[in-house]
Amino acid sequence: MVLSKSLLLGAFACGGCLAIGSDDLQSVCLQSDAAQTQAACRALLHALPDQVFFPDSQNYTAESEAFWDQAAWLQPGCVFQPLSAANLALGVSELVKRNVTFTARSGGHMPVVGHGSLDNGVLVVTTNLLEKTLVRSPNPYGADYIRTGSAFRWEDVYTFLEQYGLATAGGRVSSVGSSLILGGGLSYFSSLHGWAANNVLNYEIVLANGSLVNVNAKSAPDLFWALKGGSSNFGIVTRYDLRVIPIGKVFGGSVTWASNETQRYLDAQTAFILPGGGSYDDNAAIMPNFGYTPLTAQNNSGTVFVYNGSDPDPAALRNLTSIPTTSGAVTVQNFSEVVGSTSGYSPRDRRWSFYNIAVKSAPPTMNLLYRHMREQADTILGGVNASVGAAVQPITVNHLKAAQNAGGDAIALDPSRGPFVIALYYANWFDPTLDPLIKQWELATIAAVKKDTQTRGLYYPWEFLNDSGQAQDPIGTYGYGKSLPRLKAVSKKYDPHGVFQRNVPGFKLGFELHSGC
Ligand SMILES: Cc1cc2nc3c(=O)[nH]c(=O)nc-3n(C[C@H](O)[C@H](O)[C@H](O)COP(=O)(O)OP(=O)(O)OC[C@H]3O[C@@H](n4cnc5c(N)ncnc54)[C@H](O)[C@@H]3O)c2cc1C
Ligand SMILES: *[C@@H]1O[C@H](CO)[C@@H](O)[C@H](O)[C@H]1NC(C)=O
Ligand SMILES: *[C@@H]1O[C@H](CO)[C@@H](O)[C@H](O)[C@H]1NC(C)=O
Ligand SMILES: *[C@@H]1O[C@H](CO)[C@@H](O)[C@H](O)[C@H]1NC(C)=O
Ligand SMILES: *[C@@H]1O[C@H](CO)[C@@H](O)[C@H](O)[C@H]1NC(C)=O
Ligand SMILES: *[C@@H]1O[C@H](CO)[C@@H](O)[C@H](O)[C@H]1NC(C)=O
Ligand SMILES: *[C@@H]1O[C@H](CO)[C@@H](O)[C@H](O)[C@H]1NC(C)=O
Ligand SMILES: *[C@@H]1O[C@H](CO)[C@@H](O)[C@H](O)[C@H]1NC(C)=O
Ligand SMILES: *[C@@H]1O[C@H](CO)[C@@H](O)[C@H](O)[C@H]1NC(C)=O
Ligand SMILES: *[C@@H]1O[C@H](CO)[C@@H](O)[C@H](O)[C@H]1NC(C)=O
Ligand SMILES: CC(=O)N[C@H]1CO[C@H](CO)[C@@H](O)[C@@H]1O
């Protein structure tokens, strides 16, 4: 069953949408009615005074520009900043009753324009949902956990938990927000604990009918499964209850390497992802990247390291830690300090783009990922003031086993297919007129890697939602295609009128819906 896809496409003309590769999904433009939105905003203001902001106010400007990617600064009709989860629920029922378009924003790091932000519709921000409570066992979930309102940034959670000697398997960059969990979420602890989503014990969420409910393995196992990867398709999460994990000191930090060492880095990561390499040690994690500046033909590379424990020279990381650095340091320190060292990873003064492709871990993997980035940049971006690169993120077999052991998720990857890497190709630039050229580079690079890896039998048929670009189809690749029908059935049950399919942008079930077009 194709959930009202043809209806949707009939309803929205996709005027300015770019044609994307043939096997990518339909990209649809979300049209909002400005007058209808204004009426809803006024009704909302009447019901919840001081929680609704219009374009002439400081709070409106601050909230509509609280996005990492400047291209995502759009013009919502108003900003709804509820003071509590109950108020958020009340507001959503008003928006649904009036059939307006809306979207939610938490950490604002979503780099697909018009998913976490929108023109003319209502921007719902979780800014005031700040609860943080540690709940010890015994409790109904049988484990210690943190209740945390969806406004959080990962650094806040780690700093809070550190006083108890605890952490959680969450984001790797300090300023990223809670919605990472809804796309799965890659953590420094994923080899032992799976996706961040595998550590959620309960979601407090506002559903399409405006009810505020707790979703867990007992209350609604189908929706609980769907939320583990299902993104913005089922409701607005107001609180996450996350399993916590003991942590002491870690060996870690962020470093950059000299450009004449880039090949040594590529070789060290090749060894790291192959059998017997450092990725087979569950305590070891890296968040590496290589980059390239087409204007000057200069390359660069660097990584963040985390090794759980106070070993000052873990063998699993030695091929990488022995590369001479040009900045940064790796030392035994608190986990929150390592995460704090990533603050430079997310400057908010430019435009950003993410696309990703997965490739099996094999001897040619790292070099081909680097080569295609560079070849396409030299061809398409010669003389252009932009930076491009890739974060090549190892996914281990033990990570996928941990995900299964924790009860599974909609992402549903099979450990027996072996380890792979997610190549997150990114670009950043300043000049908005370069947007189409950058997109051309992204799509050409992904296409070149896909063709090459398919020929070599190394293509891994899955896309990571959290690193996906517009018109990629992450949800369609879940369970290698098997999860989508089940997700559609869950949507039909909990959102029978398709509010989160029609009125809320994002990676939807069978298509992509964005504002700002
Ligand atoms: C610098 C950087 C580092 C990153 N590092 C990692 C990493 O280590 N691991 C990883 O897995 N990913 C990582 N990501 C990707 C990251 O997971 C996504 O960008 C994610 O969307 C960020 O969540 P957010 O709350 O900051 O985003 P937002 O932009 O607030 O939200 C993202 C999406 O979720 C929706 N949404 C927002 N709030 C809610 C809510 N309360 N309920 C339901 N839907 C909601 C939005 O509408 C939007 O579609 C990184 C991204 C960046 C830019
Ligand atoms: C505006 O936003 C700030 C910061 O989120 C908040 O403290 C303040 O209460 C908001 N103003 C109103 C009138 O709600
Ligand atoms: C509700 O809004 C959606 C999205 O704008 C639109 O497709 C749909 O036709 C509207 N439904 C009604 C009953 O007006
Ligand atoms: C490290 O964490 C401990 C608690 O585990 C805390 O007491 C200490 O202040 C932290 N140190 C730094 C530098 O953050
Ligand atoms: C770190 O290692 C300790 C000791 O082996 C273990 O108890 C703890 O669960 C690990 N923490 C994480 C976050 O994996
Ligand atoms: C890179 O350059 C530095 C300084 O010039 C030098 O010490 C180092 O050996 C070089 N590395 C390689 C791999 O050539
Ligand atoms: C990176 O650039 C240096 C020059 O600064 C060059 O010597 C080296 O070959 C380049 N490395 C790769 C992998 O392209
Ligand atoms: C280090 O590199 C060597 C040489 O490539 C490789 O044999 C070894 O497995 C690597 N070690 C780790 C822990 O990755
Ligand atoms: C690239 O653009 C940035 C921002 O406008 C500017 O600071 C920088 O000087 C530019 N670089 C070149 C080489 O023009
Ligand atoms: C809203 O939907 C949920 C899930 O389908 C259901 O349990 C609840 O009773 C509904 N609430 C109302 C007020 O209709
Ligand atoms: C960049 C990107 O695609 N981020 C995704 C990460 O997870 C959130 C929550 O599910 C998604 O909505 C984002 O699309």
**Fill in**
In Leu317, Thr256, Val255, the residue satisfying side chain to side chain contact (heavy atoms under 4.5 Å, CB included) with Thr303 is Val255

**Message:** So, using side chain to side chain contact (heavy atoms under 4.5 Å, CB included) as the criterion, who are the partners of Ser361 when residues are at least two apart?
**Reply:** Ile273, Pro419, Val421

**Message:** Please list all pairs meeting salt bridge (Lys or Arg N to Asp or Glu O under 4.0 Å) that have one or both residues in residues 504-517, counting only residues at least two apart or in different chains.
**Reply:** none

**Request:** Look at the side chain of Ser515 and the backbone N and O of Asp119, then say whether any donor-acceptor pair between them is shorter than 3.5 Å.
**Result:** yes

**Asked** Is the Lys NZ or Arg CZ of Lys482 less than 6.0 Å from the centre of Tyr480's six-membered ring, within 45° of the axis?
**Response** no

**Prompt:** Does the ring of Trp225 carry Arg486 above it, NZ/CZ under 6.0 angstrom from centre and within 45° of its axis?
**Reply:** yes

**Request:** Show the numbers, then the answer: is there a salt bridge (Lys or Arg N to Asp or Glu O under 4.0 Å) between Asp69 and Arg351?
**Result:** CA-CA 5 Å; Asp69 170 18; Arg351 305 169 85 79; 5.8 Å; no

**Item:** Contacts of type side chain to side chain donor-acceptor pair (under 3.5 Å), residue Trp441, not counting sequence neighbours
**Value:** Thr445

**Message:** For Tyr145, give me all partners under ring pair (Phe, Tyr, Trp, His ring centres under 6.0 Å), at least two apart in sequence or on another chain.
**Reply:** Tyr141

**Item:** Face-on cation placement of Arg105 at Phe67 ring, 6.0 Å and 45° thresholds
**Value:** yes

**Request:** State whether the side chain of Gln51 and the backbone N or O of Leu83 hold a donor-acceptor pair below 3.5 Å, judged by distance alone.
**Result:** yes

**Message:** Asp282: which residues meet the salt bridge (Lys or Arg N to Asp or Glu O under 4.0 Å) condition with it, sequence neighbours left out?
**Reply:** none

**Prompt:** Quick one: salt bridge (Lys or Arg N to Asp or Glu O under 4.0 Å) pairs with a partner in residues 238-248, sequence neighbours left out?
**Reply:** Glu204-Arg239, Arg239-Asp241

**Item:** Validation row: Gln393, Leu424 side chains within 4.5 angstrom (heavy atoms)
**Value:** yes

